[in-house]
Each structure stands twice: as C-alpha cells, then as structure tokens.
Amino acid sequence: MISFRSLQIAFAAIAFLAQSGAISGASAQYPDRRVTFVVPYPAGGAADTIGRLLATKLSEAWKQPVVVENKSGGGGIVGNDYVAKAPGDGYTVLIGISQLVQAPNVGMKLPYDLFRDLLPVTQAALIAAVFAVPVQSPERTLEEFVKAAKGSSEPLSYGSYGTATTSHLYGELLKKKAGIEMTHVPYRGAAPLTNDLLGGQISAAFLEVATAAPQIAGSKIRALAIGGEKRSPLLPAIPTLAESGFAGFEAQGWIGVFVPAATPKEIVSKLDGELSRIIKSPEGTEQIKRIGLVPVGDGAEAFSAVLRQDFERWKNIAAESGVRVE
C-alpha cells in the first residue's frame, strides 16, 4: 500500500520534472519575442550608447525586436532593482555599470543584492575617468593643480556625477592622497556637470573619457590625469594618476550585462555568446572605441571573477576616501 508521504514525494518529483522540461523547452526556443534592455540612467550616457549598440546588433542576429528602456532614478538603483525583481526568462536584461559594486561599499541601503539577485552575462567595456579643469585654468599638470589648491584661500570645487559615483570616490581619494581641501559639488549626470566645467563654475571634475574626449579635442577643457591601470588609447598623452604620483586609482569603471538570478544557464550562455561575439567583432570593437571606451566581451565566467575582484578594490577605495552614505 502506497503511503500519503510517498504520493507527496512522487507528485513533487513529477512537478519538478515537468517544470524542468518547461524551462528547457523555453530555453531552447529563446528568444521568441521582444527582449528589453534596461538602462538605469538617462539617454545619452555611455551605458545608454552601449545598450543601444548591442540591442541593434542583437536584434539583427536574432531576428527579434530588442529595445532599450531607460529606467533612471536613485543613481541607478531604480533600474537595477527592476531587473533584479524581473522574471528570470532572459527577456529583461540590465545594462549596468560599476556603481553596482561601488554602492554597497559606501553604506547605501539597496533593495537588491548584486551577488544574490543578478547574474553576470558579459563585461561590455571599460570606462576611464579623466581629471579635467576648465581650459582657462592656469594649471597644466596635476602637480600644479595640487599646488594651487594648497595655496588657495578658499577650497577649490570639484564636480561629480553624483554621490557615491566613481567621480565622487576619486575626488575624495585625491583630497586624501594630495592633502588638499576641495568642495564636492554633485550633479545629476554628465551634461550639467560638463556645462559647469566648461563655464568655469567649478574648478575641476572627474569625467568619463567618452564625455571628456570631444571637449579636450576641441580645447574646451584640459585633462591633467586619468584613472585606471593604463593610459587611454583615446588620450595617450594624458598620464595616469599613478604616473602622476598618486597610486590607488587603478580601479576602472565598466559597463556590463546582467540578468535576474533565476535565469536558466542555457539562456545566460546564449546571451553571453552572442553579445561577446558582437562586442569582439571588428564593427562592434570599432564603434565602442569610437566613443572612448575599451571593448571587453570576455564572457560570464570572466566577468564574474572581475565583479568579485572589483568589489574588493572599490571597497578599499571607499574606505580610504572616507565616502559614506548614511
């Protein structure tokens, strides 16, 4: 005679197998409808540009619509959380940035956990931050800027993309390492920050290379140093902060692709393979370089290792800079 407990176990096993079969079937047919790339920032920035490039190429490859949806707010938190809580079916994809590993390390209360709620698909590109001053500024090197800051009767000001962003963390770290005072002025994105730097309303700013390069080429702002481990191919004459005598700025920003944690491995693998192919293709590489970024496309496994490593690197930078968001 079969016991009630045995029937429960049998029905559970049947349900599990049925569900597994359904998931496998869905994975095999993926994608069979529209895929949405969520960019948690306003249109026009580097993440949005990369997202639209990848969406266009993926749509061409898969013969399915791939659209970009900008869900800005909370310094990226709104869009990140939206994807973290979306169904794990591969149809909602996050175009995230290094803010994902920075925010937890400055004490921000987040409605999601990067390592629990999101899966890395591929690292799309690297972003370097340039320390720049208005072109009318007399300082031509970082050493001259530090000397001017020390001799100023009032603290110089520096702008950032917002509290706890790369530009904020770098600014506070520079203050500590150089022994200078600067007043932090947070902005809501690249456009207003760049406008005020151009107009001389602020003394300096850490800008993304993609944003700064056209202004530098047009002699509208002057770059003094750049973050990251190496000089930027787009600005090879600009020394790194480490070369300028300030080590500790080697952590580099990035743009990466993520999906909800419940997404089947088959779907992650399919997305990974296609997106990495697009990023590493001659056309994709050229388009990414053209906007001042360094293409990567090394895949899910490599990106997962980068996330763990970068989490610790930004943790150290946050601790040393003293930036905390209570």
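The figures that follow rest on heavy atoms only: side chains count, while hydrogens, waters and symmetry mates do not.
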Q) Are Gln99 and Ile77 close enough that some pair of their side-chain heavy atoms sits under 4.5 Å apart? A) yes

**Q.** Lys71 to Tyr82 six-membered ring, cation-pi geometry met (6.0 Å, 45°)
**A.** yes

Q. Can any side-chain N or O of Thr49 pair as donor or acceptor with the backbone N or O of Gly45 at less than 3.5 Å?
A. yes

**Q.** Heavy-atom check, side chain of Gln215 versus side chain of Leu198, under 4.5 Å
**A.** yes

Q: Determine, step by step, whether Tyr161 and His168 satisfy the ring pair (Phe, Tyr, Trp, His ring centres under 6.0 Å) criterion, reporting the C-alpha distance in whole Å, the side-chain angles of both residues, the deciding distance to 0.1 Å, and the verdict.
A: CA-CA 7 Å; Tyr161 292 125; His168 181 202; over 10 Å; no

Q: Give a yes or no on whether Lys230 atom NZ has more than 12 heavy-atom contacts from other residues, nucleotides or ligands under 6.0 Å away.
A: no

Q: Check whether any side-chain N or O of Ser281 sits under 3.5 Å from a backbone N or O of Ile278 as a donor-acceptor pair, and report yes or no.
A: yes

Q | Where at least one partner belongs to residues 141-157, residue pairs that pass salt bridge (charged side-chain N to carboxylate O under 4.0 Å, His left out), sequence neighbours excluded | A | none

(Q) Salt bridge or not between Glu229 and Arg313? Use side-chain N to carboxylate O under 4.0 Å. (A) yes

**Q.** Stepwise side chain to side chain contact (heavy atoms under 4.5 Å, CB included) check, Thr240 with Phe249
**A.** CA-CA 8 Å; Thr240 65; Phe249 294 84; over 6 Å; no

(Q) Using side-chain heavy atoms (C-beta onward) and a distance below 4.5 Å, is Ile255 in contact with Leu293? (A) yes

Q: Drop me the distance from Ile291's CD1 to Ile127's CD1, to the nearest 0.5 angstrom.
A: 8.5 Å

Q) Is there a path from Val78 to Leu94 through hydrophobic residues (I, L, V, M, F, W, Y) whose side chains come within less than 4.5 Å of each other? A) no

Q) Donor-acceptor pair, Thr122 side chain versus Ala124 backbone, under 3.5 Å? A) no

Q: Answer yes or no: does atom NZ of Lys220 have more than 12 heavy-atom neighbours from other residues, nucleotides or ligands under 6.0 Å?
A: no

Q | Heavy-atom closest contact (Gly79 atom, Pro40 atom, distance) | A | CA-CB, 3.7 Å

Q. Is the CD atom of Glu301 crowded by more than 12 outside heavy atoms at less than 6.0 Å?
A. no

Q.
Do Leu156 and Phe145 make a side-chain contact, defined as non-hydrogen atoms from C-beta onward lying under 4.5 Å apart?
A. yes

(Q) Closer than 4.0 angstrom, basic N to acidic O: yes or no for Asp310 and Lys315? (A) no

Q. Out of curiosity, Gln287 CD to Ile50 CD1, how far, rounded to the nearest 0.5 Å?
A. 9.0 Å

(Q) Would you say that Thr263 contacts Asp89 through its side chain, given a criterion of any heavy-atom pair below 4.5 Å between the two side chains? (A) no

Q) So, for Gly90 and Val35, which heavy atoms are closest and what is the spacing to 0.1 Å? A) O-CG1, 3.8 Å

(Q) Quick check: closest heavy atoms across Lys289 and Pro295, and the distance to 0.1 Å? (A) CG-CD, 3.8 Å

Q: Could you tell me whether a side-chain N or O of Thr285 sits under 3.5 Å from a main-chain N or O of Pro282, the two making a donor and an acceptor?
A: no

Q: Spell out, as yes or no, whether a donor-acceptor pair under 3.5 Å connects the side chain of Asn195 to the backbone of Ala191.
A: yes

Q) What's the spacing between Leu100 CG and Leu110 CG if we round to 0.5 Å? A) 9.0 Å

Q) Among side-chain atoms of Gln102 and Thr166, is any donor-acceptor pair under 3.5 angstrom? A) yes

(Q) Please confirm whether the ring centroid of Tyr170 lies under 6.0 Å from the ring centroid of Phe131. (A) no

Q | Which atom of Pro65 lies closest to which atom of Ser59, heavy atoms considered | A | CA-OG, 3.8 Å

Q: For residues Ala164 and Val323, report the shortest heavy-atom separation together with the two atoms involved.
A: CA-CG1, 4.5 Å

Q: Find out whether the Lys NZ or Arg CZ of Arg34 is both under 6.0 angstrom from the six-membered ring centre of Tyr91 and within 45° of the ring's axis.
A: no

Q.
Please find the pair of heavy atoms, one from Ala300 and one from Pro120, that lie closest to each other, and give the distance.
A. CB-O, 3.5 Å

Q: Quick one: do Gln64 and Tyr30 satisfy side-chain hydrogen bond (donor to acceptor under 3.5 Å, both in side chains)? Show the steps, please.
A: CA-CA 10 Å; Gln64 290 289 347; Tyr30 173 83; over 6 Å; no

Q) If you round to the nearest 0.5 Å, how far is CZ of Phe246 from CG of Leu173? A) 10.0 Å

Q | Working for side chain to side chain contact (heavy atoms under 4.5 Å, CB included), residues Val93 and Thr36 | A | CA-CA 6 Å; Val93 179; Thr36 299; over 6 Å; no

Q. Using a distance-only test with no angle check, is there a side-chain donor-acceptor pair under 3.5 angstrom linking Ser157 and Thr183?
A. no

Q: Report yes or no: does Thr56 contribute a side-chain atom to a donor-acceptor pair with the main-chain N or O of Arg52 at less than 3.5 Å?
A: yes

Q. Leu58 and Leu119: same hydrophobic cluster, using ILVMFWY side-chain contacts below 4.5 Å?
A. yes

Q: Verify, without hydrogens or angle tests, whether Ser276 (side chain) and Gly273 (backbone) share a donor-acceptor contact under 3.5 angstrom.
A: no

Q: Would you confirm whether Asp117, through its side chain, and Asp113, through its main-chain N or O, come within 3.5 Å as a donor-acceptor pair?
A: yes

Q: To the nearest 0.5 Å, tell me how far Ser321 OG sits from Lys175 NZ.
A: 10.0 Å

(Q) Taking the six-membered ring for Trp, are Phe303 and Phe258 closer than 6.0 Å centroid to centroid? (A) yes

Q: Indicate, with yes or no, if Ile97 and Leu207 share a hydrophobic cluster defined by side-chain heavy-atom contacts under 4.5 Å among Ile, Leu, Val, Met, Phe, Trp and Tyr.
A: no

Q.
With heavy-atom distances below 4.5 Å as the criterion, would you say the side chains of Val259 and Ile267 are in contact?
A. no

Q: Flag the pair Glu139 and Arg222 as a salt bridge only when some basic side-chain nitrogen lies within less than 4.0 angstrom of an acidic carboxylate oxygen.
A: no

Q: Pick out which of Val257, Val296, Asp298, Leu54 makes a side chain to side chain contact (heavy atoms under 4.5 Å, CB included) with Ile279.
A: Leu54

Q. Should Leu174 and Tyr158 be counted in the same cluster of Ile, Leu, Val, Met, Phe, Trp and Tyr side chains packed under 4.5 Å apart?
A. yes

Q. What distance do Leu118 atom CG and Lys85 atom NZ have between them, rounded to the nearest 0.5 Å?
A. 9.5 Å

Q. Side chains of Asp48 and Tyr41: is there a donor and an acceptor less than 3.5 Å apart?
A. no

Q: Would you check if the side chain of Thr194 reaches a backbone N or O of Ala190 as a donor-acceptor pair within less than 3.5 Å?
A: yes

Q: Take Met182 and Ile180 through the side chain to side chain contact (heavy atoms under 4.5 Å, CB included) test and state the conclusion after the steps.
A: CA-CA 7 Å; Met182 289 195 294; Ile180 59 177; 4.1 Å; yes

Q: Identify whether the distance between the nearest side-chain nitrogen and carboxylate oxygen of Glu274 and Arg277 falls below 4.0 Å.
A: yes

Q.
Any side-chain to backbone donor/acceptor pair from Asp196 onto Gln201? Under 3.5 Å, distance only.
A. no

(Q) Taking the ring of Phe115 and the ring of Phe311, is the distance between their centroids below 6.0 Å? (A) yes

Q: Indicate, with yes or no, if Leu197 and Val135 share a hydrophobic cluster defined by side-chain heavy-atom contacts under 4.5 Å among Ile, Leu, Val, Met, Phe, Trp and Tyr.
A: no

(Q) Between Val130 and Phe206, is the side chain to side chain contact (heavy atoms under 4.5 Å, CB included) condition met? List the steps. (A) CA-CA 5 Å; Val130 175; Phe206 277 101; over 6 Å; no

